[in-house]
Amino acid sequence: MGLLSDPNRRKALTGLLTRLNTPICIVCYLAGIVWFMGLAFEPFTLRTYMSENAMGSTMVEERFSSGERALSLAKEFDAHKRKAGGMPVEWLVKAMQSRGLEVFTQSFSRKLPFPDENKERYMVRGTNVYGILRAPRAPRTEALVITAPCSPGNTNNQAVALLLALAQYFRNQIYWAKDIIFLVNEHDLIGTQAWLEGYHHTNITGMEYSPLQGRAGSIQAALSLELSSDVITSLDLVLEGLNGQLPNLDLANLFYAFCQKLGVLCTIQGKLQRNDWDTAEGYTHAAQTMMLMVLKQACGRSWGDHGLFLRYHIEAASVRGINSFRHYKTDATTIGRLLEGMVRKLNNLLERLHQSYFFYLLPSLSRFVSIGYYMPAFGLLAVILLLRVSFPGLCHCFSVSLQPSSPGVLTVLTPVVISHLTGVALYLLPVHLQEMAVEHFPVSETEAVVLTAIAIYTAGLALPHNTQRLLSGEGTEQGWKVLKLTALLYLAVLLGCTALINFSLGFILAVTLVPITASITPHMPKALYAVVMVLLSPAFTILYCVFIYQELIEAPVSVSEGWMLFLSVISQGILDHALYGSLVYPLLALFIYPCWLMFWNILFWN
Amino acid sequence: MAAHRCGLSLVCILIFSSLAHPSSCDTLEKANDNTAEKRSISEVNTDGSVAGEALNERQWQSTDAEVDRSDSTTHSEALTPAAARDEFQEELVIRPLHSGDIYASFQFRTLWDTDFLQEGQKVSHYRLFPKSLGQVLSKFSVRELHISFTQGFWRTMQWGQPFIPSPPGAELWVWFHDTVSDVDGNWKELTNVLSGIFCASLNFIDLTNTVQPSASFKPLGLGNATDHRFLRYATLPREIVCTENLTPWKKLLPCGSKAGLAVLMKSEKLFHSSFHSQAVHIRPICQDEQCSSKAWELRQTLNVVFDLHTSGQGKKEWSLFKMFSRTLTEACPLASSSKVYVDITDNPEGELFELSPATPLLGQAVVLGDRRTYSVYDLSRAETFGQLRSFNLLLRWKGDSGDMLRPLLHAERYVAGFGLQTGEIHTVIYNNHPYRAFPVLLMDSVPWYLQLYIHTLTVTSKSRDNKPSYIHYQPAKDRHRPHLLEMLIQLPPHSMTEVTVQFERALLKWTEYTPDPNHDLTSIVPVKEESSYFVRVYTEPLLVNLPTPDFSMPYNVICLTCTVVAVGYGSFYNLLTRTFQVDEPSPPLSKRLANLIRRMRGVPLLT
C-alpha cells in the first residue's frame, strides 16, 4: 500500500504500466497459454480421490453372474427389434414385467426445425419404456436411473440386454434404499429429453409427449450404458454434458475405483492412461486427452444420454464399451459387476453427490485439474483486456465523451446497436427463412439453414462501410477510442461470464479474440489486418476446432472434408439449441459475434 | 381387480342380505375402520349348514357390544373374572396378493370396561390393558389416540387397498377431551411421553408440523364432538421404523411375544419385507347395547408385505415358517379368541394357490365394499395344531402373478420443475370407476419453508376446471406453523383429476438446516379421503431440494476470501482514486512569533 499511497511512486507505476503496456500484454498472453498447457503436466495436477464418505469406505461385494444370459437376451432383443422395425415396445414391457418391475411407457413426438442430415430424421415419433424397481420399505422419495438407448441397426443391443439382466438380478436383492428406474429410450437424446421433461413435468423445448404414469421421487444419479459388442477391450467414461456441464467428480472417481478393482481397462476420451509422465510422449498424451475434453466441453452439446440429466441437478455419466482389436478383453459379467458395484455405492448415498468438484478438467482418469488451477490461465488472458482499457488516451477520453451533449455517445451507440441487430438476424433468420431459401435455391433445408447463417455472417462484415458513415458522418479520433473502450469492457465481461460457466468455451474464445481485439486501431494497414481479423473471427475458431478435434481423435481430414464437417457442426449447433436448449449458438450469435463486429468497425473507422 | 371396480354397488346389497339372515355366529371386527367401512366375518361350516349369527350393524358401538357379549359368553368365561370385564382377542389375516406377494395383517384387540375420565374415578388396577398407555390416557385427557409407524409405501397399483392405510414414517393424531384448556401444551407433553413409550422421535413433533384439520379426521369412537380445536394431527415422514420401535410395541401385548400369534414377530423377518407398518389405535366404545357406560378399546395392528422375489428364491411358496421363521403352537392363554384367516376370495376353486392344511371353516366379510371369503383357523381348538402340535400354514402358488391392478381410487404426487427457486406440486387422483363419481376430501399439509402461491391452485379433471365445493386453507407462518389445505372435490367417473399449486423455496437460516442438508429436506404427506365409504389414501411424501449453501471447507474459504477481497479492494480502490496533496496549514500567529524569536536566538524551531 505504501507503494500506492506515495504519489511519486504511484506516478512511476502508472508510467511503467503505460510505457510497457504492450510488452506486459504479450507476456500475459504467452503466460496464459503456457499455464494452460502446463495443466496437463502430471506434477502440476492432483490425484483424484473419493470425497463422499458414503461411497468411500464401504467396499461392496459384486455377485452379478448372468452375463451369458444377458448376451443371449441381446440376440433375442435384436430379433424382436428387427421384427418390429424399431423399438420392440411390447417385448420390452413383457420382459420388464416378468422381472418384477412396474413398467410404464411414454410416447413422444417432435418435429425438428429442419431435417437432421447426420441422423436422417425430421419427424420423430417414438416410445420410451421404463420399469421401476421399488425398493423395499422405502417411501418412494429417491431414485437412481440406469438408461440404455435403443439405437437403430445392430448397435446397443448388449446394453439393453445387460440392463434387463441387471434388473432381474437387482430385483432379487433386499438392500435397496432407493428405487431404481430402468429406462430404454428411443431416438437417443430426443427420447431422453422427452422422458426427463415428462418426469419433471416441464416443457422447455416444445416436445409433445404423453404424461408419465409412474414416478419414484427425486432422482439422485443416473448412468447411461452403451454397449455394442459381446466383449469389450475397454470402458470409456463420458462426462461432458449440455452447455459444458459436468457431473460431480465423485462419479468419475467411483467409475475409476471399480475399474481398478475389477481389472477393467478404462479410458477417458477414448485414451488409455500412461504412466510415463516424464517423457515427451507421456506429456503429449495427457495434453491431447485434456485438449479433447476442452474441445468437447466447449461445444456445449451433450455427448451422451447422460448430458441432459445434468440440467435437472442429477449427476450422470455415460459408460461406453469400446471394442478394438487389442488382445485384452472383458466379458459382460464383469461389466455387469462393475455397474452393480457402482449402483450399490450410489444406493448408499445419504445425500446428493456434492462433496467433490463440479468444475474440473481431466488429463487422465486418475488426475484432475481443479477450477483453482485452470482459472489463472484464463485470468491471464482476460487481464490483457483490462490492461488495454488503461491504454494511454482511452481512459481519458471516456470521461469526456460521456457528457450527453458530446457526439461520442451517438457514435458509439450506432455501431453497437447495428452489430447487435446483425446478431439477432444471425440468430433468427436461418431457421425462419429456410423455406424461402429452399424455394429460390437448389439446396436442401439443412444446407439452406447453414448457408443462410454463413451468408448473414459474411454480410455483417460489410456493415461498417455502409451504415456507419450514413448515420453518424465521419468518425472522429475520439469516437473510435470510446468504441474500443466499450467493446473491450464488453468482451471482458462476456468472456468472464462464459468462462465461469463453461471454462473451455471461454478460454478458446479468449485465445482467438484477445490478441486482435487488444491491438486493433484504425491506423493499421487495413487489408492485412482485415484478413487477420477474419481469420481470428468466431466462425474460423469453430473451423480450427473441427480440424484440431479430428487431429486429436486420430482421424485427420482433408480441407474439403473439414469444410463439410464444419457445415454439419453449425447445423448441429442450431439443432442442439432447438432440441435440447443448448446455449452455445445463441451465445455466439447474439453476443460474441456482435462484439467482434464492434472491433471490425474500429478497423474501418474513417 | 374386477371385484375392486364393481365393489361399490355390492356394498349395500351385502349389508341388507346379511341382515335378512338372523343366524348366530361370532363377529369379527377388523381394523379397516374409518367410521363406515367395516368388515365382519361370519363363519360357515363347509357342510353348508349355517351356524352362528351374522351381525352387521351400521354403527360401531353396537357391533362392538355384540362382540363383547358373544365372545365373553362363548370362549373366555374361564379366563375372565367377572369383576373386571377385560378382554383380549388376537387374529392374523393373510391375503395372497395379486402380484404374488403376501400380505400378513395382525390385529390384537384389548377391551377395558372402565371409564376413568369420569369424575372421582381413580384407576390403579390394570389387568390386560397396558398400564403405560392407560396412565397416558388419563393424564392427558385423551379421548382418542391413533399412532402408526410405517416403513415403506403401500403400492396400491400392485396390492390393492390395505386394511389400514398409513403414511410412510410416523403419523399421530389425537382427539382431546373438550375439558382440556391447554390443548397445545397437552399435545407437546403427550408427544414427548409417547416418544419415550415407543422409542421413536415423536418429540420432533412441534407446532411447525402440527395441523388441526377441520374436516379430514373425525373421531372414530364414541362421541360426536367435532370441534377441531381438540384435534391435533402430525406426521414425521423422515422417521425410520425398526426393531427398537417393535419391541416396546410388543410389550404392550398381554402375552408379550411369549405365546399366541405374537411369537411370529421376529424382527429379522418382519423387516425383511417390502412393507412394514405397526399401529396403535385407542378409542372409547360402548360397553353394552344401551351404551350406558364407556369402555376403552386398544387395537394394536401390524401389517407386513413379504416380497415374492427377494424371499422366494424362485419357489412360489409361502408358509408361516418361511415368512416368520416360526410356527404356531398355541393361542395366547389370555385371549378370548385367537384366529388365523386366509383370504381365498380370488381362489374359490383352488386354481390360484393351494392351502394346506385345509380347513373346514369358511368366513365371509365385507371389506371396503368388497365381499371376501376367508378360510378360518381357530387356534383355540386343539385340532388346528394337528398331531405335530404345531401349526404351519402352507400356501403354494399355481397361477402366474398378474399384471398391475387398476384400483378404484389411487393417487400420486410429485414435484414438477427444476432449479432451486420455484416448483409446482402436482397431486394426481385417479377415479377408475366406470360410472360413479366420488366426492373426495383432500388434505395437504405443507411445511412453511415451501411458500405456496395459493392463487395458482388449480383443480382440473378431464381437462376442465373442477371447482372444489369446500376449501379450507390456513396459510403458514414462518417457523411457526405449516400450510394446511383441505378441499372437497368431486371426482368425475373414469377420470384423472390433477391438483397443482406452485411454490417458492425459502432460504433457511444456516442453523435451520438438517445435518444432511443435501439430502433434500422437505417431506409432505397429504391425506385423501373418499367419503362414501371412507377409504383413506395416502400419497408418497415428497423430497424437495432446498437451496443449500456449501457447508464445507471451500465454503469457509470463499467467505474468508470474499471478506479479504472486500477489505483489500476497498482500500486499494480508495488509494487509486484519491489524489494526494501535501497540505501545510499555516501555523498560528503565536507560534510564528515564537519561531521568529527562536531563529534569532539560534535554537531549533518549534514544529
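All values derive from a computational prediction rather than experimental measurement. Sequence lines set the chain letters: A, B, ... in the order given, protein chains first and strands last, and positions in each chain run from 1.
- By the 6.0 Å and 45° rule, A/Arg215 stacks over the aromatic ring of B/Tyr414.
- Looking at residues two or more places apart in sequence or on another chain, you find a side chain to side chain contact (heavy atoms under 4.5 Å, CB included) between B/Pro547 and B/Leu420, B/Arg505, B/Leu507.
- The only member of B/Leu543, B/Leu542, B/Asn545, B/Val544 that meets side-chain contact (heavy atoms from CB on, under 4.5 Å) when paired with A/Ser218 is B/Leu543.
- The candidate with the highest count of non-hydrogen atom pairs below 4.5 Å against chain B, out of A/Glu197, A/Arg311, A/His313, is A/Arg311.
- Heavy atoms closer than 4.5 Å to chain B are found nowhere in A/Leu133, neither backbone nor side chain.
- Closest approach of A/Pro139 and B/Pro541 over heavy atoms only: O-CD, 3.6 Å.
- Nearest heavy-atom pair across A/Leu212 and B/Glu412 is O-OE2, 4.1 Å.
- Contact annotation for residues 203-210 of chain A against chain B (heavy-atom separation below 4.5 Å, listed by residue number): A/Ile204.
- In this structure, chain A has heavy atoms under 4.5 Å from both the backbone and the side chain of B/Ser273.
- Heavy-atom distances place the backbone of A/Arg99, and not its side chain, under 4.5 Å from chain B.
- Looking at A/Arg137, its side chain does come within 3.5 Å of a backbone N or O of B/Phe271 through a donor-acceptor pair.
- Looking only at heavy-atom pairs under 4.5 Å with chain A, the residue among B/Met496, B/Gln151, B/His276 that has the most is B/Gln151.
- A salt bridge links B/Asp307 and A/Arg171; the closest N-O separation between the charged side-chain nitrogens and carboxylate oxygens is under 4.0 Å.
- Between A/Tyr312 and B/Phe418, the ring planes are perpendicular. Angles over 60° get that label, and only those under 30° would be called parallel.
- Counting non-hydrogen atoms of other residues, nucleotides and ligands closer than 6.0 Å to NZ of B/Lys266 gives a total of 12 or fewer.
- Options A/His200, A/Arg140, A/Gln213 differ in how many heavy-atom pairs under 4.5 Å they form with chain B, and the most are formed by A/Arg140.
- In A/Lys94, the NZ atom is not crowded: 12 or fewer heavy atoms of neighbouring residues, nucleotides or ligands sit closer than 6.0 Å.
- Between atom CD of residue B/Glu424 and atom NE2 of residue A/His201 there is a gap of 7.0 Å, rounded to the nearest 0.5 Å.
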